J.: 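Can you read through this structure? Questions will come right after.
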Amino acid sequence: MKENEIIQKLFELQDEKYRNFQSKLIPTINPESIIGVKTPELKTLAKDISKGNEILRNDFLSNVPHRYFEENQLQAFIISDEKDFDKCIDYLENFLPYIDNWATCDQLCPAIFKKNRSKLLPYINKWINSNYTYTIRFAIKLLMQHFLNEDFKPEYLEMVAKVESSEYYINMMRAWYFATSLAKQYESTITVIQEKRLDIWTHNKTIQKAIESFRITPEQKTYLRSLRVK
């Protein structure tokens, strides 16, 4: 399947009502770049591309930036299924600078990372210091997904706390990270909130998201409310 055939297939799957709905959820990109294809159909097409000619698959992954949002989604799904860690990293290094929205960033979930956490850390350190909004968001997301359980270290909290940005989509992910960390590593994380080491917006958004979580106890929620900053 060649790239023009992929685009043709995407338009065959187009749902204009879904396109209009989706364009409102992703305000950072031009609505004309959204075709309007639902996620299950995109995942099926991504698998078809992955199972096809390897050269054509690699050409598609290398040919960035893409024109359409759905092409980026396909790229995210294909990369997420890559079984070789080093190849996955190569694809990511090539693709991350071109991600221009939260949805594509958050769809990137390489399964191979679960068994290669130690190898992943140097890349997280690199990406979290990037100049690209969604590369930073992706790095924080990886810390949240892979390093809040048995591989947790308090120093990872510091990595996210040190991120300074006025970007909404970075700070929302920071808040999501700390709210999740409060649920999983409360004793280590609460000090970040007590010491007010985050900017006011992220501090308060963290508390809001934590209070909304069923994993936070009623007593913890009461205490967190008292830590809000006006």
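Heads up: numbering here begins at 1 and tracks the sequence. Here the structure is a predicted model, which means the values were calculated and not measured.
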J.: Is Asp48 paired with Lys9 through a side-chain N to carboxylate O contact shorter than 4.0 Å?
T.: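 Answer for the salt bridge query: no.
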J.: With a 3.5 Å distance limit and no angle check, can you tell me whether Arg19 reaches the backbone of Ile34 through a side-chain donor-acceptor pair?
T.: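 Flag set: sc Arg19 to bb Ile34 pair under 3.5 Å.
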J.: With sequence neighbours left out, what residues match Trp127 under ring pair (Phe, Tyr, Trp, His ring centres under 6.0 Å)?
T.: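 Partners of Trp127 under the ring pair (Phe, Tyr, Trp, His ring centres under 6.0 Å) test: Tyr123, Phe138.
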J.: We want to know whether Asn20 and Ser23 form a side-chain donor-acceptor pair, criterion being a heavy-atom distance below 3.5 angstrom.
T.: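 No, Ser23 and Asn20 have no side-chain donor paired with an acceptor closer than 3.5 Å.
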J.: Crowded around Lys184 NZ? As in, over 12 foreign heavy atoms under 6.0 Å?
T.: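 More than 12 within 6.0 Å, yes.
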J.: Between Glu32 and Arg67 (salt bridge meaning N to carboxylate O under 4.0 Å), is one present in this structure?
T.: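 Salt bridge between Glu32 and Arg67, a charged N being under 4.0 Å from a carboxylate O: no.
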J.: Between the side chain of Glu195 and the main-chain N/O of Val192, is any donor-acceptor distance below 3.5 Å?
T.: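 No, Glu195 side chain to Val192 backbone: no donor-acceptor pair under 3.5 Å.
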J.: Where do His203 and Leu227 come nearest, in terms of heavy atoms and distance?
T.: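 The answer is NE2-O, 2.7 Å.
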J.: Are Phe147 and Tyr156, when compared by the centres of their aromatic rings, separated by less than 6.0 Å?
T.: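 Yes, close enough.
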J.: So does Glu54 have more than 12 non-hydrogen atoms from other groups sitting under 6.0 Å from CD?
T.: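 Counting neighbours around CD of Glu54, 12 or fewer heavy atoms of other residues, nucleotides or ligands fall under 6.0 Å, so no.
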J.: Can you tell me how far CZ of Phe69 sits from CG of Leu10, rounded to the nearest 0.5 angstrom?
T.: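 These two atoms lie 11.0 Å from each other.
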J.: Is a salt bridge present between Lys141 and Asp106, judged by a nitrogen-to-oxygen distance below 4.0 Å?
T.: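 Salt bridge between Lys141 and Asp106, a charged N being under 4.0 Å from a carboxylate O: no.
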J.: Identify the two heavy atoms, one from Ile128 and one from Asn125, that lie closest to each other, and give their separation to 0.1 Å.
T.: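 Nearest pair, atom of Ile128 first, then Asn125: CG2-O, 3.5 Å.
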J.: May I ask you to check whether His66 and Phe60 place their ring centres under 6.0 Å from each other?
T.: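 When the ring centroids of Phe60 and His66 are compared, they turn out to be within the sub-6.0 Å range.
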J.: Can a side-chain donor-acceptor contact be found between Thr202 and Asp199 if the only test is distance below 3.5 angstrom?
T.: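 Note: Asp199 and Thr202 side chains meet the donor-acceptor criterion.
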J.: I need the minimum non-hydrogen distance between Lys17 and Asp15, along with the two atoms involved.
T.: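 Residues Lys17 and Asp15, closest heavy atoms: N-OD1, 3.1 Å.
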J.: Leu121 and Arg117: side-chain contact (heavy atoms from CB on, under 4.5 Å), yes or no, with the steps?
T.: CA-CA 6 Å; Leu121 270 173; Arg117 292 189 180 99; over 6 Å; no
J.: Check the pair Tyr168 / Trp102 against side-chain contact (heavy atoms from CB on, under 4.5 Å), numbers first and verdict last.
T.: CA-CA 10 Å; Tyr168 171 84; Trp102 67 266; over 6 Å; no
J.: Can you see whether Asn58 engages Tyr91 through a side-chain donor-acceptor pair at a distance of less than 3.5 angstrom?
T.: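 Note: Asn58 and Tyr91 side chains meet the donor-acceptor criterion.
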J.: Looking only at non-hydrogen atoms, find the nearest pair between Val160 and Arg174 and report the distance.
T.: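 Shortest heavy-atom contact: O-NE, 3.1 Å.
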J.: If every non-hydrogen atom of Glu70 is compared with every non-hydrogen atom of Val37, which pair is closest and at what distance?
T.: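 Closest heavy-atom pair between Glu70 and Val37: OE2-N, 3.4 Å.
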J.: Is the number of heavy atoms from other residues, nucleotides or ligands under 6.0 Å of Lys47 NZ greater than 12?
T.: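 12 or below, so no.
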J.: Ring centres of Phe85 and Phe113 under 6.0 Å apart?
T.: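 Yes; Phe113 has its ring centre under 6.0 Å from that of Phe85.
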J.: Nearest heavy-atom pair of Pro97 and Leu92: which atoms, and what distance?
T.: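 Heavy atoms of Pro97 and Leu92 come nearest at CD-O, 4.4 Å.
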